[in-house]
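Step one of this worksheet: look at the structure below.
Below, chain A is the first sequence line, B the second, and so on; all start at residue 1.
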Number of protein chains: 2
Amino acid sequence: MAAANHNHIANDWLPTNRIIMGDCIAAMRELPDGCADLVFADPPYNLQLAQDLHRPEGGKVSAVDDEWDKFSSFAAYDAFTRAWLAEARRILKPDGAIWAIGSYHNVFRMGAAMQDEGFWILNDIVWRKANPMPNFKGTRFTNAHETLIWAGKSEKSRYCFNYHAMKAMNDELQMRSDWLFPICTGGERLKVDGVKAHPTQKPEALLYRVLLACTEPGDLVVDPFFGTGTTGAVAKLLGRRWIGIEREAKYVEVAQARIDGLLPLEGGMTRVSQGKRSEPRVAFGALVEAGYVRPGTRLFASGGKHVAHVRADGSLAMGDKVGSIHQMGAAVQGLPSCNGWTFWHIEAEDGRLEPIDVKRTAWRAGLGAIAA
Amino acid sequence: MAAANHNHIANDWLPTNRIIMGDCIAAMRELPDGCADLVFADPPYNLQLAQDLHRPEGGKVSAVDDEWDKFSSFAAYDAFTRAWLAEARRILKPDGAIWAIGSYHNVFRMGAAMQDEGFWILNDIVWRKANPMPNFKGTRFTNAHETLIWAGKSEKSRYCFNYHAMKAMNDELQMRSDWLFPICTGGERLKVDGVKAHPTQKPEALLYRVLLACTEPGDLVVDPFFGTGTTGAVAKLLGRRWIGIEREAKYVEVAQARIDGLLPLEGGMTRVSQGKRSEPRVAFGALVEAGYVRPGTRLFASGGKHVAHVRADGSLAMGDKVGSIHQMGAAVQGLPSCNGWTFWHIEAEDGRLEPIDVKRTAWRAGLGAIAA
DNA sequence: CAAACGGCTGAATCCGAGC
DNA sequence: TGCTCGGATTCAGCCGTTT
């Protein structure tokens, strides 16, 4: 199912693919009614940390003690939440939708406010963190997840949901409401002079799934709490238009540089499965989502006799033919079936070809081991 | 860590290990302040039901549209939620806690109401369903989880949490906030004339973990939405006292029969891992006094990088600096705190270094057993 | 060069008995 | 009640260094 309203005609004057520096409520007021297909919001969590926390070995935990996360009371936080939600809802198209992320500190208040403002909740999604920070004092359960709320602008919204793309990414099983991703670390984590540029940078894999599930190429995604611009980066990668709003100049600078340095995927690579007419896909999509295989990558078989391109949802394309790694392997050989994992090969860093099963093995050793 | 207030003295007159048939708010009003160690609540999220129960006063608004109707439903549900939460909070001991379960339809409103009523959220827990019902229409993600909120009566509550029991249950890793359980099916699912007795019967494994984590044997658990009595069944099994409140006679009957047919575990079986916090404290000076460590003995740390001398009163001396084993350990490392028992080492008879904690263990096994 | 090892870090509402 | 201070408490992943 996809939203009906995807006319991008009268919006050419919009400041798309740009960052607006300023307060998100004021900035959204400058945008016209019904211009956005999707809003993705990662607002302050209002953590209310009371004191320093030390690790067992003596180190100090780097706390989120920024001014932007401080509110004087629940009432103040609620007023702020309702204000930005109201503006976000106004700028959405009638068939638009919102995603908002939070933790137990704020997500219940935020969810209630969303319902009160007229949003219609479609799912709550649990981001299970593969590698959360432990509870150092042994006082509670390890806080190992965050919650995303997906809601339509109204109960009547015919929201966009790329059901078959999600199913293809999940080994032909329906995508569930609990998602497993590592937190943002390593090379993906943006740094300035060796220290993290933002305390709460979200992983691209999370945004990748959200945007692939709930937008189409060309759709406009607005992020009122842009931070270091993960939403913009993934939107650009996937050929979606975006507007980011961010108050702090230092984050704007980092985000702009990050997005400027990105190349979008080529047009055909961002298309995803549309239903029965295109073929079912396999869990190969999980490798794409996790960055083990990049959309657009060329796969080879039979010593280069066959070449296929990887698409964003893990399907393969050869000319106008599209299918799973198994289906396409079978098709080119004229066989009834084929194990795509051993049939298709990918170019390794040293230029040699190796079966894509190698990637699956690597994935299993990393993410997959925790997937159970 | 365990709550301090576990005196069950004056509560003998309470209707424990019984089901009270009636409205949960009215029934809780009959219970005294501060009698319960834990409340477990699985409230209805049927908005229509809530509306019938607590429809707000007021004349009918002309031109009733959907928006108004939704708001009134939410308001009615909120009023109902706040009413039962307030009573639940009143009957809790100061160090008591609550668990409440819900889905995206109601859990955000419920969580916000809990915060507003003064509860202090400790964790939100995700029950990942191993076998959820699929989304038949393919219009959303499979709704594969429910959310539990664990909260203390107040921010100051020294709530009960059997940390080591949870860690032991999880292969010696901290128990995380995402739990995997199958839904209640098969022989566990109660049936009457072949049809399920209750639409939302919870699996016993879920209650087992909750009660094992957050209560001690003999504690009183109150369930205001008893249903088929899973809370009572597991409480009886684990040697906890319980009070169940249920409005519907048919559920009361099923629950009573279910619980009557159960045998509790024998006393010793309900004991769980305790950890060092439950051991009595030992002053290092007591070891010196008892001759386990002689004054003048040299203690070593960090492979001999630090050396200190034991003084007659159990304090340590390094040059002109004197302090406890913990203070000196913290000082030489430049840390805010230190566990001196594991930091400092003593020369054993065979010449090797061993932590002074070994001496504490020996003291506890010998003199300590008598001293206590 | 591969393997082993140690250091560092991540949206964290993170102690409690005794005086 | 507030204060002091004993002493209990961590998982996964990445990266740089050592073996």
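- Closest heavy-atom contact between A:A100 and A:M110: CB-CE, 3.6 Å.
- D:dC15 and C:dA11 have their P atoms separated by 16 Å, given to the nearest Å.
- Phosphate contact (OP1/OP2 of C:dA11, side-chain N/O of A:R189, threshold under 4.0 Å): present.
- Taking side-chain N and O atoms only, B:R360 has no distance below 4.0 Å to OP1 or OP2 of D:dG6.
- For the pair B:M166 and B:R209, the minimum side-chain heavy-atom distance is below 4.5 Å.
- At D:dA8, none of the side-chain N or O atoms of B:H326 fall inside 4.0 Å of OP1 or OP2 (strictly under the cut-off).
- No contact: B:N123 has no heavy atom under 4.0 Å from any strand.
- Along DNA chain D, the nucleotide nearest B:R281 and the nucleotide nearest A:P56 are compared for position; the residue whose nucleotide lies closer to the 5' end is B:R281.
- A:H145 and A:D178 form no side-chain donor-acceptor contact under 3.5 Å, judged by distance and modelled atom types alone.
- Residue-to-nucleotide contacts include no donor-acceptor pair under 3.5 Å from the side chain of A:K129 to the base of D:dA12.
- When distances run from any side-chain atom of A:K137 to the nucleotides D:dT9, C:dA11, C:dT13, the shortest one goes to D:dT9.
- Looking only at atom types and distance, the side chain of A:R258 has a donor-acceptor partner in the side chain of A:T230 under 3.5 Å away.
- Across all strands, A:H145 comes closer than 4.0 Å to no nucleic acid atom at all (heavy-atom distances).
- For DNA chain C, the stems formed by at least three consecutive Watson-Crick or G-U pairs, with both atom-pair distances below 3.5 Å, span C:2-10 with D:11-19, C:15-19 with D:2-6.
- One finds no side-chain N or O of B:Q327 lying less than 4.0 angstrom from the OP1 or OP2 phosphate oxygen of D:dC5.
- Looking at the side chain of B:S337, the nearest of the listed nucleotides C:dA11, D:dG7, D:dT10 is D:dG7.
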In sequence, state the C-alpha distance, the side-chain angles, and the governing distance for B:C214 and B:Y159, and then conclude on side chain to side chain contact (heavy atoms under 4.5 Å, CB included). CA-CA 8 Å; B:C214 299; B:Y159 52 90; over 6 Å; no
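- Taking 4.0 angstrom as the limit, A:S62 places none of its side-chain polar atoms (N or O) nearer than this to OP1 or OP2 of C:dT9.
- The side chain of B:R277 places no N or O atom within less than 4.0 Å of a non-bridging phosphate oxygen (OP1 or OP2) of D:dG6.
- Annotation for B:E289: atom CD does not count as buried by contact number, only 12 or fewer foreign heavy atoms lying within 6.0 Å.
- Side-chain nitrogen and oxygen atoms of B:Y163 include at least one within less than 4.0 Å of the OP1 or OP2 phosphate oxygen of D:dT10.
- In terms of position along DNA chain D, the nucleotide closest to B:K276 lies nearer the 5' end than the nucleotide closest to the other residue of the pair B:E172 and B:K276.
- Contact annotation: A:Q51 side-chain N/O to C:dC15 OP1/OP2 distance is under 4.0 Å.
- Put simply, A:K196 has a side-chain N or O that comes within less than 4.0 Å of OP1 or OP2 on C:dG10.
- For C:dT13, the OP1/OP2 oxygens have a side-chain nitrogen or oxygen of A:N143 closer than 4.0 Å.
- Counting any heavy atom pair closer than 4.0 Å across all strands shown, B:L173 reaches sugar-phosphate atoms only and no base atom.
- Using a 4.0 Å heavy-atom cutoff across all strands shown, A:C184 reaches no nucleic acid atom at all.
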ring-ring contact (aromatic ring centres under 6.0 Å, His included) between B:F161 and B:W150: does it pass, once the steps are laid out? CA-CA 11 Å; B:F161 180 53; B:W150 175 36; 5.3 Å; yes
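- Here A:S103 lies out of heavy-atom contact (under 4.0 Å) with every strand.
- Aromatic rings from A:H105 and A:Y45 are positioned such that their centres are separated by 6.0 Å or more.
- Glycosidic conformation, C:dT13: syn, with the torsion inside 90° of 0.
- Taking side-chain N and O atoms only, B:N339 has a distance below 4.0 Å to OP1 or OP2 of D:dA8.
- Where stacking is scored as ring centres under 5.5 Å apart with planes under 30°, A:F136 does not register as stacked on the base of C:dC14.
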